[in-house]
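In the text below, chain A, chain B and the rest are named by the order of the sequence lines, each starting its count at 1.
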There are 4 protein chains.
Amino acid sequence: MARLPVAVLGATGAVGQRFIQLLAEHPQFEAAHLVGDATAGRPYGDVVWRLDVPMPEAVRRQPVLALKDLERAPPGIAFSGLPGGVAGPVETRLAQLGWKVFTNARDHRMDADVPLVIPEVNADHLALVARQHGPGWIAANGNCTAILLTLALAPLHRAFGLDDVHVTSLQALSGAGYPGVPASDIVGNVLTFIEGEEEKVEREPCKTLGTLGPEGVRPAPIPIHATCTRANVPEGHTESVHVRLSRKASLADVREALSGFRGPDVVRGLHSAPKAPLQVLDAPDRPQPRWDAMLGGGMSVAVGRLRLDADGRGLRFVLLGSNTIRGAAGASVLNAELAFATGLL
Amino acid sequence: MARLPVAVLGATGAVGQRFIQLLAEHPQFEAAHLVGDATAGRPYGDVVWRLDVPMPEAVRRQPVLALKDLERAPPGIAFSGLPGGVAGPVETRLAQLGWKVFTNARDHRMDADVPLVIPEVNADHLALVARQHGPGWIAANGNCTAILLTLALAPLHRAFGLDDVHVTSLQALSGAGYPGVPASDIVGNVLTFIEGEEEKVEREPCKTLGTLGPEGVRPAPIPIHATCTRANVPEGHTESVHVRLSRKASLADVREALSGFRGPDVVRGLHSAPKAPLQVLDAPDRPQPRWDAMLGGGMSVAVGRLRLDADGRGLRFVLLGSNTIRGAAGASVLNAELAFATGLL
Amino acid sequence: MARLPVAVLGATGAVGQRFIQLLAEHPQFEAAHLVGDATAGRPYGDVVWRLDVPMPEAVRRQPVLALKDLERAPPGIAFSGLPGGVAGPVETRLAQLGWKVFTNARDHRMDADVPLVIPEVNADHLALVARQHGPGWIAANGNCTAILLTLALAPLHRAFGLDDVHVTSLQALSGAGYPGVPASDIVGNVLTFIEGEEEKVEREPCKTLGTLGPEGVRPAPIPIHATCTRANVPEGHTESVHVRLSRKASLADVREALSGFRGPDVVRGLHSAPKAPLQVLDAPDRPQPRWDAMLGGGMSVAVGRLRLDADGRGLRFVLLGSNTIRGAAGASVLNAELAFATGLL
Amino acid sequence: MARLPVAVLGATGAVGQRFIQLLAEHPQFEAAHLVGDATAGRPYGDVVWRLDVPMPEAVRRQPVLALKDLERAPPGIAFSGLPGGVAGPVETRLAQLGWKVFTNARDHRMDADVPLVIPEVNADHLALVARQHGPGWIAANGNCTAILLTLALAPLHRAFGLDDVHVTSLQALSGAGYPGVPASDIVGNVLTFIEGEEEKVEREPCKTLGTLGPEGVRPAPIPIHATCTRANVPEGHTESVHVRLSRKASLADVREALSGFRGPDVVRGLHSAPKAPLQVLDAPDRPQPRWDAMLGGGMSVAVGRLRLDADGRGLRFVLLGSNTIRGAAGASVLNAELAFATGLL
């Protein structure tokens with residue numbers, strides 16, 4: 001079966017390279033249009049490739065396109081790895097031209113008619129795209145730290161309710177894009193502030209965990225309190241999560257809710273969907289980013305260090321996931337696979 | 001005035017070297033007996049010195065003593081930089097011989113008649129040593145992460161009350177002693193577990209913030225929930241702290257309570273007491289361990305990123321301090337200065 | 001065809017784990033006896049596994065043996081990942097018992113009748129084992145830094161002669177074993193001394209590049225001058241190499257000699273032999289350990305930054321290779337494959 | 001005595017900040033004009049300060065000037081911390097206006113009538129400024145790696161002659177300016193290429209070590225071969241140096257030549273001149289950048305690991321120095337002090 005040609009916006013950047021990598025052997029999508037204004041006209045093989053897997057051969061001779069080239073092409077499917085601020089107007093315009101845009105950028109995430117989707121959590125929200133005023137539409141995935149957190153909160157929210165969530169992240173360098181953090185700022189150091197990050201982590205999970213009704217998404221009323229930091233780690237966001245469950249649970253209940261978490265049937269069969277969205281690690285000192293960021297091909301979130309208070313409601317754990325795969329490019333691709341499987345493409 | 005000769009137990013280790021450094025120019029105490037069983041008999045100058053300030057000249061030719069040598073000497077004042085587990089019985093025996101022991105080790109911290117002292121917070125607890133069955137006694141300082149946290153909680157506890165505390169630490173390598181963490185375990189990584197640490201951080205501040213009565217110390221009833229991690233940072237523990245105040249406050253109130261925090265008069269004049277135990281940093285991205293760990297000569301705790309919820313009770317901040325000075329050797333020395341100033345030595 | 005059962009000495013250590021990994025899917029050898037005195041009696045699955053690929057399932061339930069257990073078994077083939085100093089007498093005794101020992105340890109490398117083999121370079125030296133006084137024998141591979149260097153020197157030595165070699169290494173943490181270098185010694189630092197390393201780098205290549213005659217190996221008379229340092233890199237030794245060729249060459253000649261370098265026919269077909277022992281990288285800023293250490297499955301050496309003086313004799317380049325695979329466990333395994341292919345096993 | 005007002009070009013950059021720091025308490029010079037086009041008009045206190053010592057109070061309220069502001073002022077003394085490429089024409093123009101420029105930039109270093117000065121080595125070369133066509137002039141210091149190397153070569157060159165020099169540098173992050181190297185490029189890695197660096201290291205020492213005659217500087221005929229790399233170190237360039245002496249020496253001779261090296265009398269009294277330009281460290285594992293970069297206030301070069309071949313001519317050692325002080329800002333300041341002491345200012 002022929003693969004659907006797709007465009008990658010920001011194809012030469014950090015997230016764009018992950019898109020290229022994930023699409024290289026994808027069964028349904030083919031990276032046909034590589035858009036990158038700064039290097040437009042040159043072959044993609046000239047781009048400095050910064051992933052630890054080789055650049056796929058297929059893209060080496062493809063030309064990098066300017067955005068205006070894309071706008072002249074017949075509309076189709078686009079993945080957006082554009083930076084926040086830049087992405088918004090571009091994505092809006094492409095949707096107006098008929099493109100179906102799967103975006104990793106922050107700009108439209110909280111728009112009322114843009115679904116903020118994690119297929120295992122809220123596949124039904126994708127229907128929200130029908131309320132956009134076509135001909136195309138935008139579907140978003142969340143911030144990297146927020147996605148990983150939301151995946152872990154989802155089964156707890158369903159099974160026990162969540163009265164309160166405190167999270168402190170130790171985020172990886174790759175999350176800052178490229179060139180990102182200067183080395184002289186982080187060697188032997190921790191950065192204790194990431195602009196705009198905490199707001200996203202506190203708001204986005206509530207939208208994804210919310211319920212879709214006639215008036216749109218009603219956010220889940222979960223108070224989330226976040227402190228976001230950056231550590232000298234190349235890949236993999238670590239999060240220390242302290243929650244208060246609404247209803248008592250045993251440690252076995254919690255473990256089962258997390259490790260048994262699965263998306264709906266339609267999601268389980270998707271190409272990029274990991275067998276287990278959450279993998280509970282029982283070793284006392286795991287997860288750690290160097291060893292555990294790539295579980296499930298970078299699409300699983302590792303959860304460990306489960307500690308439950310004697311009252312059965314105070315729960316603490318550490319989670320970890322790939323910020324550039326599950327937290328960015330892989331998230332958009334999984335959303336597109338869901339759209340494909342449900343007939344939206 | 002002649003300085004009082006003191007013994008340093010574990011003088012060659014990571015904490016012991018800080019003791020040597022801090023005592024080198026101390027007005028009241030002189031490191032007269034350097035105890036280190038493993039290298040006993042050799043001059044202290046043969047020890048591999050691992051601080052970024054040079055070894056004080058005065059100790060280079062002093063011989064390293066075995067513990068049994070010390071036990072034969074007339075009792076006096078001792079600082080204990082011994083490792084937990086080893087320290088307990090040694091300190092007990094020295095106290096029985098008449099020594100006044102200021103210990104950084106964990107073993108006796110929670111003993112009912114051993115004060116767990118931070119002079120600015122609970123100078124009065126030091127009186128507890130009188131209840132030990134002499135002739136000597138033991139006074140303890142807390143775990144490094146706990147001390148830094150307690151200093152920041154103290155003024156909040158007093159001014160507004162504390163209903164709940166969540167803390168996630170990003171601790172430095174020096175806190176693991178030497179050799180401590182293997183480099184291949186931490187390069188590009190974060191360790192998400194430190195054995196025994198969270199228990200200390202959850203319990204010790206309550207004792208230090210507690211009230212001393214006829215039956216001993218009644219711990220402050222503050223629920224503390226901790227996750228402790230280690231980052232690739234040489235010195236300076238960072239802590240992300242989320243608290244719920246019992247009473248509403250404004251951000252200005254909170255800032256004032258923290259930055260205006262001072263110990264009692266007797267403490268302010270002590271040699272090692274910093275002018276401000278807490279320094280509030282207003283730059284949006286501070287504190288950071290590389291730049292801020294040594295404020296107040298390593299005896300101040302930096303506090304930044306103050307964020308208060310609209311309800312005036314949910315407060316979040318980041319604190320940072322030197323784990324080997326304020327969090328270890330400097331803590332013991334300050335306790336000894338307090339004892340000296342109050343006539344206990 | 002049934003695989004030959006082999007013993008791994010020091011099976012739980014850093015090199016031993018690489019042996020286990022490389023043997024897991026090996027066509028000729030099977031890790032049948034896992035020897036590790038310190039954990040003897042426990043299942044291998046209890047060992048803390050420190051590689052970034054999972055522990056092979058097959059070994060999880062195998063018991064770790066004590067050396068004396070092995071000595072009671074019928075002799076066969078052994079790979080030695082024992083530490084230098086410990087390895088020597090153990091290997092001697094096993095050879096006396098009839099074992100054929102492929103060792104990575106330093107102890108016997110310079111023994112007159114022990115071949116120091118890199119199959120692509122001196123496959124013929126393996127015959128030297130016949131001069132040992134049986135019934136078993138020992139075949140050695142070199143020090144990690146020396147092996148990588150020797151591979152790059154070999155084609156230059158043959159094609160142009162070598163009047164002089166200066167090498168400065170920037171070695172990886174994994175080369176120090178586990179626990180190896182304390183993190184607090186290397187964060188933001190470089191170690192400028194590695195005990196015993198320079199001597200090996202200066203002597204071993206001459207033996208491997210030497211000629212085997214009736215009186216043994218006559219070392220190649222190449223003056224090698226080495227400075228060895230350690231950088232904060234998890235895997236992959238980098239070497240800056242400056243050589244003086246005996247005969248003039250063009251840059252194209254040099255490039256061709258390096259990239260066209262192949263071992264003898266018998267070696268090319270070996271399971272672990274990479275297609276190209278040396279891979280010349282033309283990007284101006286490569287090789288780099290993070291990206292290039294695992295070329296050819298960790299068995300190729302990357303060479304880049306070729307610079308030739310106008311006189312056609314002064315040549316400078318940077319090489320890089322996996323110190324734990326090509327430089328240790330993989331080297332021993334390749335030697336055993338050569339022995340198998342040439343009928344010595 | 002009133003201090004001479006000086007201008008700092010590029011005052012907000014990495015080298016500029018070191019100038020500000022070194023001039024803060026300088027007896028002869030005062031940073032009166034802080035030039036930084038990008039932030040002109042704002043107070044210097046608004047600049048993000050990136051040194052580990054606090055910003056001097058005196059400059060906080062000084063306004064940052066644009067270059068054109070400076071050009072309208074009466075000419076005086078200027079220190080140039082401008083980036084290479086930018087610096088050249090600016091410095092030429094200022095000299096034409098009558099300024100005496102001490103530059104750290106590469107642009108004019110190899111100009112025939114610009115002295116390339118290290119006061120301890122070639123104080124006499126400073127006279128070369130008289131051959132510039134006034135009214136002002138330019139005096140340069142070398143590249144950071146070249147300066148450190150030249151200091152160590154100078155006494156060897158004088159005492160024994162140098163037939164050949166091979167150097168491999170492991171350079172610090174601060175040498176790349178700010179923002180410099182992206183953290184994701186260097187974590188767990190070494191960069192094996194620094195553009196333009198090797199050429200400077202191979203040429204500049206020959207000019208500084210050359211002899212000044214009527215036709216200008218005749219470079220010392222020392223063949224230098226360099227490979228330059230960058231390691232994950234915040235400050236302090238390490239260099240592995242292999243030299244061939246022209247005349248036989250003993251190790252004691254070499255040690256004495258290095259440690260006894262002093263500049264001419266006029267230099268010894270300069271404010272920034274360290275007591276010993278070269279400090280020989282005898283510990284087997286020193287120097288190391290974390291501990292030894294700041295000897296002599298960052299103006300001494302540490303030399304260690306002296307190894308001499310049996311032939312008395314092949315010598316190897318490791319040197320280390322502060323790349324931003326002795327290798328940059330401190331070098332310019334010392335040159336200005338020399339000019340002041342010799343009546344050129």
A.B. asks: Could you have a look at A:T168, A:T227, A:D185, A:V233 and say which one has the most heavy-atom pairs with chain B under 4.5 angstrom?
C.D. replies: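 Heavy-atom pairs under 4.5 Å are most numerous for A:T227.
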A.B. asks: Does anything in residues 314-323 of chain B get under 4.5 Å of chain A by heavy atoms, and if so which residues?
C.D. replies: B:R316, B:V318
A.B. asks: With chain B as the partner chain, list the residues of residues 191-203 of chain A whose heavy atoms fall under 4.5 Å from it, by residue number, and write 'none' if nothing qualifies.
C.D. replies: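 When heavy atoms of chain B are the reference, residues 191-203 of chain A contributes A:L191, A:T192, A:F193, A:E198, A:E202 within the under-4.5 Å range.
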A.B. asks: In terms of heavy-atom contacts, does CZ of B:R218 have more than 12 from other residues, nucleotides or ligands at under 6.0 Å?
C.D. replies: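 At most 12 heavy atoms, drawn from other residues, nucleotides or ligands, come within 6.0 Å of this atom.
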A.B. asks: Under 4.5 Å, heavy atom to heavy atom: which of residues 283-306 of chain B reach chain A? Give them by number, or say none.
C.D. replies: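 B:P284, B:D285, B:R286, B:P287, B:Q288, B:P289, B:R290, B:W291, B:R305 fall under the 4.5 Å cut-off.
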A.B. asks: Below 4.5 Å from any heavy atom of chain B, which atoms of A:A172 appear? Answer side chain, backbone, both or neither.
C.D. replies: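 It is neither, since no heavy atom gets under 4.5 Å.
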A.B. asks: Going through the checks in order, is the side chain to side chain contact (heavy atoms under 4.5 Å, CB included) test met by B:T229 and A:T238?
C.D. replies: CA-CA 10 Å; B:T229 75; A:T238 304; 5.8 Å; no
A.B. asks: I need the residue from A:L170, A:V190, A:N232 with the largest number of non-hydrogen atom pairs under 4.5 Å to chain B.
C.D. replies: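 Top count of heavy-atom pairs under 4.5 Å with chain B: A:V190.
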A.B. asks: Between B:V241 and chain A, with a heavy-atom cut-off of 4.5 Å, which part of the residue counts as in contact: side chain, backbone, both or neither?
C.D. replies: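 Contact with chain A involves no heavy atom of B:V241 at all.
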A.B. asks: Tell me, please, which residues at least two apart from A:H166 pass ring pair (Phe, Tyr, Trp, His ring centres under 6.0 Å).
C.D. replies: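 By the ring pair (Phe, Tyr, Trp, His ring centres under 6.0 Å) rule, A:H166 matches A:H225, B:H166, B:H242.
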